[in-house]
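Since the structure comes first, as structure tokens, the remarks are kept for the end.
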Number of protein chains: 2
Amino acid sequence: MAEQRTESAGRPRQPRTRTRASHSLESVLAGAVEILDESGAQGLTIRALAARLGGGVASVYWYVSGREELLDLAADSVLGGIFDQIADVGSDDPIDDLRAIAMAMFDTIVDRPWLGAYVLRDTGLQVHSLQLYERIGEEVMRLGLTPRQVFHATSAVVGFVIGTAADLGQEPPAAVVSGEVTREEYLARIAGEWRALDATAYPFINHIVGEFERHNDRDQFAAGLDLLLAGLRLQSESAR
Amino acid sequence: MAEQRTESAGRPRQPRTRTRASHSLESVLAGAVEILDESGAQGLTIRALAARLGGGVASVYWYVSGREELLDLAADSVLGGIFDQIADVGSDDPIDDLRAIAMAMFDTIVDRPWLGAYVLRDTGLQVHSLQLYERIGEEVMRLGLTPRQVFHATSAVVGFVIGTAADLGQEPPAAVVSGEVTREEYLARIAGEWRALDATAYPFINHIVGEFERHNDRDQFAAGLDLLLAGLRLQSESAR
DNA sequence: ACCTGAACACCGTTCAAGT
DNA sequence: ACCTGAACACCGTTCAAGT
């Protein structure tokens, strides 16, 4: 605000005398998310972040207590975007709503592989994580279960989402991320290794290798989620 | 083997002239697991491992390509212990067998918080992870489903297990691990924070805070697993 | 074939000093 | 109140040299 000043006419819009950098928690987290998206959790160093913000390393510590808290807060800030996606969710079927919320979470996490590991870790720190847990729980509360069942079912849905999403998210091992190898080539290579196994010793692997080779992460997630939700619906029906 | 020599009588059994350290992949992984159990993934540095093995840092690199592979292989070596626990599993109900296998996995992972993040990451490297995936898949194959359903259901079970186990495993935040704070105190503190929330804005949190405060990780896991397995049983029945 | 210490190129975090 | 550069105490990994 002290910077505000009317531009004098004709002067090119160059930054004038180099002032010292000024941040905010928002800009720090935004910078962190940019780096995370570009190069993953490994790439987010305090030095890299300070460089991007155009300041010194120590200034980051004014806003966060350390790297771990930075990761937690950066992840939580991204999670806030989910609420826009699920603003319209609210049908007369709680199970349908749960599916919609879970799929939105999956979509958000899956193309941010770094996100899965840092979401829903510290609800005291992570406001959006807490609100999402609350949102899911409110749908489960509509199913007519006991408090204990509500608690367990909500935790199961959340656990399944972040568990499998984190798992799928970390799948590509560096070479895929960097673009040296396509996802198809990567899957084909593993499928090849699996086909080389003894089919007598590995009947299941042999049985599903074709499915694995052409599988789609989103469909796989949706199928597993539907199994869980089917079990939940059953519990709900027998409770009435 | 060149070391072998008959002890001359009366001489104390001290190590004689200091010979240079000699390792094996097994001893390297065993040392790594010891450190991981004592101080978690963060505590496993190459230097700490080398010191425990009584050798130099660089010798570790003869057996593993780097720290990541060390973690992967250490995790997989622990996973091998599960097969003893599930040796007797094999009833006429595949769902019961799946529950037994999943619970064994949970029990193994839950008191080794570091394990969850490194299990089932690279089946080309991790033999036991592959065999466990196979073992679970073989049970699912008995349910009369299509290959696609078998693939999806097996992945869902595995995803749920490692997802929630990893989640529960990482729950205690340093202070609990070090023994400064008991689990009860930790849960009570969070419960206190939750009770301080506005009950109108957080009806679900308010509804389950009592359950959360006295919850048991194993029961919570079992309850979620049962929902998933109930959905799977339903799918199996409608397939026949 | 396997082990070694030293060196390299990084890290996260702290601190005394600035504005 | 917020930012800075330099310093500290670590890291993982490599390498030339040993046995």
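FYI, side chains are in, hydrogens and waters are out, and symmetry mates aren't considered; it's all heavy atoms of this structure. Every chain is numbered from 1 and lettered A, B, ... according to where its sequence line falls, protein lines coming before strand lines. All of these numbers come straight from a predicted model, not from anything done at the bench.
- Remark: D/dT19 base-pairs with C/dA1; criterion is Watson-Crick or G-U wobble with both hydrogen-bond distances under 3.5 Å.
- For B/Val57, taking side-chain heavy atoms from C-beta onward, the closest of the listed nucleotides C/dA6, D/dG12, C/dT13 is C/dA6.
- Distances shown here put a side-chain N or O of B/Ser59 below 4.0 Å from the OP1 or OP2 atom of C/dT4.
- Computed from coordinates, the B/Tyr63 OH to C/dC3 C1' distance equals 9 Å when rounded to whole Å.
- Using the six-membered ring where Trp is involved, B/Tyr133 and A/Phe204 have ring planes that are perpendicular, over 60° apart on the 30 and 60° scheme.
- Salt-bridge check for B/Arg52 with B/Glu38: passed, with a basic side-chain N closer than 4.0 Å to an acidic carboxylate O.
- One atom, CG of B/Leu25, and another, C1' of C/dC2, lie 14 Å apart when rounded to the nearest Å.
- Atoms CZ (A/Arg67) and P (C/dT13) sit 8 Å apart, rounded to a whole Å.
- A heavy-atom distance below 4.5 Å is not found between the side chains of A/Thr154 and B/Ile208.
- Between A/Ala48 and A/Ala58, the residue anchored nearer the 5' end of DNA chain C, judged by the nucleotide with its closest heavy atom, is A/Ala48.
- Residue A/Leu70 contributes atom CG, which lies 10 Å from atom P of C/dT13 at whole-angstrom precision.
- Across the interface with DNA chain D, nearest-nucleotide mapping of A/Gly55 and B/Ser65 shows A/Gly55 to be the residue nearer the 5′ end.
- When heavy atoms are screened at a 4.0 angstrom cut-off, A/Leu44 is found touching the sugar-phosphate backbone but no base atom.
- Atom CD of A/Glu213 and atom CD1 of A/Ile190 lie 10.5 Å apart (nearest 0.5 Å).
- For B/Arg47, taking side-chain heavy atoms from C-beta onward, the closest of the listed nucleotides D/dG5, D/dC11, C/dT4 is D/dC11.
- The interatomic distance linking B/Gln42 (CD) with D/dA9 (P) rounds to 19 Å, in whole Å.
- Residue A/Tyr61 contributes atom OH, which lies 17 Å from atom P of D/dC8 at whole-angstrom precision.
- Nucleotide C/dA6 forms a pair with D/dT14, judged by Watson-Crick or G-U wobble geometry with both contacts under 3.5 Å.
- The A/Trp62 side chain lies nearest to D/dC3 when the options are C/dC2, D/dC3, C/dT13.
- Between C/dC2, C/dT14, D/dG12, one nucleotide has an atom nearer to the side chain of B/Ile46 than all others, and that is D/dG12.
- Between the C1' atom of C/dA1 and the NE2 atom of B/His23 lies a distance of 14 Å, rounded to the nearest Å.
- By the 4.5 Å heavy-atom criterion applied to side chains, B/Ser155 and B/Phe151 are counted as neighbours.
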